[in-house]
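Presented below is the structure to which this report refers.
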Amino acid sequence: QEWKNTFATWDPEDFCNISKVVLPTDTYWSPPIFILERVNGQNSNLDYMAIMHNGSFYSTQPFQVTLTCGLMILKFPFDTQTCNLSIASFLYPAVTDLVMKTRRTPAEMMKDSQSYFLTDGEWKYTNLSITEYIEELDNGEFSVITYTISMKRRPTLYILNLILPTCALYLLDMAVLFGPSSLEEKINFQIAIILGSSMLAVILNNILPTSSNKPPIIGTF
């Protein structure tokens, strides 16, 4: 966060050329912001901010947060999810008191984000867009910044553990069904196929999230 306070200025020549000081965040006013989609999170202990001689304030607060996000898993495991992270301050109207702006472009923020945590694991970080707008609430207008994050699922693990075994089972099923085996052997093999398919269905059910409007195609199949 960066903001200016015209009442907190000084001439460095009058104070041993000191142009920057670090103070606790409760020393001066700081913009109170909220993440609208936040469920829970863990804040850091860096409750300090830097003050420049021209009245510029700089505050960095790294923290880990869990957000709510609607999932669309119809194309699982080849799906792409889009989640919003909205930052707002509903204590000060945007028209008269507080207007929030982003300093960096979406391309710059995406480059920084890819170098942190979102380059490994199950998801691939694909896109970031930023929207600045005014939200009307209770006869007031408030400044809101929404970061829209797009992530694509890496399907390799699901292809190896679910799709390929399922296809292999049904290919064997067709081969035995139209083969020269006896009826008793075909029935025994069909029972084995059903048991194997049931195990894969249980694995799939444990993997898939339950908060989706439409079930995935692979689950329906």
Side-chain angles (χ1 to χ4, degrees), residues 1-70 81-121 123-151:
Q1 291 179 287
E2 299 179 11
W3 69 94
K4 267 200 169 186
N5 186 344
T6 57
F7 297 100
T9 60
W10 70 89
D11 188 353
E13 295 182 357
D14 296 336
F15 298 94
C16 302
N17 292 324
I18 297 176
S19 60
K20 175 184 177 181
V21 294
V22 178
L23 296 174
T25 53
D26 56 359
T27 306
Y28 281 93
W29 176 90
S30 59
I33 61 172
F34 311 95
I35 298 178
L36 304 185
E37 297 86 359
R38 176 173 178 171
V39 177
N40 55 47
Q42 182 178 0
N43 294 346
S44 66
N45 295 322
L46 298 177
D47 296 329
Y48 294 90
M49 57 186 175
I51 308 175
M52 306 301 294
H53 69 280
N54 60 356
S56 298
F57 284 67
Y58 301 90
S59 175
T60 301
Q61 291 290 332
F63 59 94
Q64 185 178 18
V65 62
T66 301
L67 308 176
T68 59
C69 181
Q81 304 296 337
T82 301
C83 296
N84 292 335
L85 190 152
S86 301
I87 298 177
S89 179
F90 293 126
L91 299 181
Y92 299 95
V95 178
T96 57
D97 295 340
L98 178 62
V99 177
M100 295 191 298
K101 297 289 183 180
T102 56
R103 183 185 63 177
R104 293 181 292 178
T105 63
E108 293 174 341
M109 297 195 64
M110 182 175 176
K111 183 178 180 180
D112 291 342
S113 299
Q114 286 177 333
S115 64
Y116 293 141
F117 310 109
L118 301 179
T119 56
D120 298 324
W123 296 94
K124 180 181 179 181
Y125 188 38
T126 57
N127 191 30
L128 172 67
S129 61
I130 303 175
T131 305
E132 301 175 1
Y133 60 97
I134 302 298
E135 178 77 16
E136 295 185 3
L137 181 65
D138 295 336
N139 298 324
E141 296 182 346
F142 302 93
S143 179
V144 182
I145 299 177
T146 297
Y147 298 86
T148 303
I149 304 168
S150 298
M151 295 177 291

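Just the heavy atoms: all of them, side chains too, but no hydrogens, waters or symmetry mates, feed the values below.
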Quiz item: Any side-chain heavy atom of W123 within less than 4.5 Å of one from Q81?
Solution: yes
Practice problem: Grab the two heavy atoms, one from T105 and one from I130, that are nearest each other, plus how far apart they are. | Solution: C-CD1, 4.5 Å
Self-check item: D112 side chain reached by R104 side chain, heavy atoms, under 4.5 Å
Solution: yes
Self-check item: Test item: D26 and D47 side chains (from C-beta on) under 4.5 Å apart, heavy atoms
Solution: no
Exercise. Enter the distance from I35:CD1 to I145:CD1 here, rounded to the nearest 0.5 Å.
Key: 12.0 Å
Exercise. Go through F57 and L23 one step at a time and tell me if the side chain to side chain contact (heavy atoms under 4.5 Å, CB included) criterion holds.
Key: CA-CA 10 Å; F57 284 67; L23 296 174; over 6 Å; no
Self-check item: M52 CE to N5 CG distance, which is reported to the nearest 0.5 Å
Solution: 14.5 Å
Quiz item: In terms of heavy-atom contacts, does OH of Y48 have more than 12 from other residues, nucleotides or ligands at under 6.0 Å?
Solution: no
Exercise. Could you tell me the separation between the OG1 atom of T148 and the CG atom of N84, rounded to the nearest 0.5 Å?
Key: 4.0 Å
Quiz item: What's the spacing between L98 CG and F142 CZ if we round to 0.5 Å?
Solution: 10.5 Å
Practice problem: Indicate yes or no: at least one non-hydrogen side-chain atom of Q1 is less than 4.5 angstrom from one of P31. | Solution: yes
Quiz item: Could you give all pairs that pass the side-chain hydrogen bond (donor to acceptor under 3.5 Å, both in side chains) test and reach residues 8-24, with sequence neighbours left out?
Solution: none
Self-check item: Atom pair CG/CD1 of L91 and I33 - distance to nearest 0.5 Å
Solution: 11.5 Å
Exercise. Could you pull out the closest heavy-atom pair between R38 and V65, with the gap in Å?
Key: CG-CG2, 3.4 Å
Quiz item: Which atom pair, heavy atoms only, marks the closest approach of Y125 to L128?
Solution: OH-CB, 3.3 Å
Quiz item: If you measure only the distance, is there a donor-acceptor pair under 3.5 Å linking the side chains of T66 and N40?
Solution: yes
Quiz item: Is the closest side-chain donor-acceptor distance between S86 and E37 under 3.5 Å?
Solution: yes
Self-check item: T126 side chain vs S150 backbone, donor-acceptor pair below 3.5 Å
Solution: yes
Practice problem: Could you tell me which non-hydrogen atom of T25 sits nearest to which non-hydrogen atom of M49, and how far apart they are? | Solution: O-CE, 3.7 Å
Quiz item: To the nearest 0.5 Å, how far apart are CE in M151 and SG in C69?
Solution: 6.5 Å
Self-check item: Shortest non-hydrogen contact from S89 toward M100
Solution: N-CE, 4.2 Å
Practice problem: Compare all side-chain heavy atoms of W29 with those of W3 and state whether any distance is below 4.5 angstrom. | Solution: yes
Self-check item: Side-chain heavy atoms of S143 within contact of Y92, under 4.5 Å
Solution: no
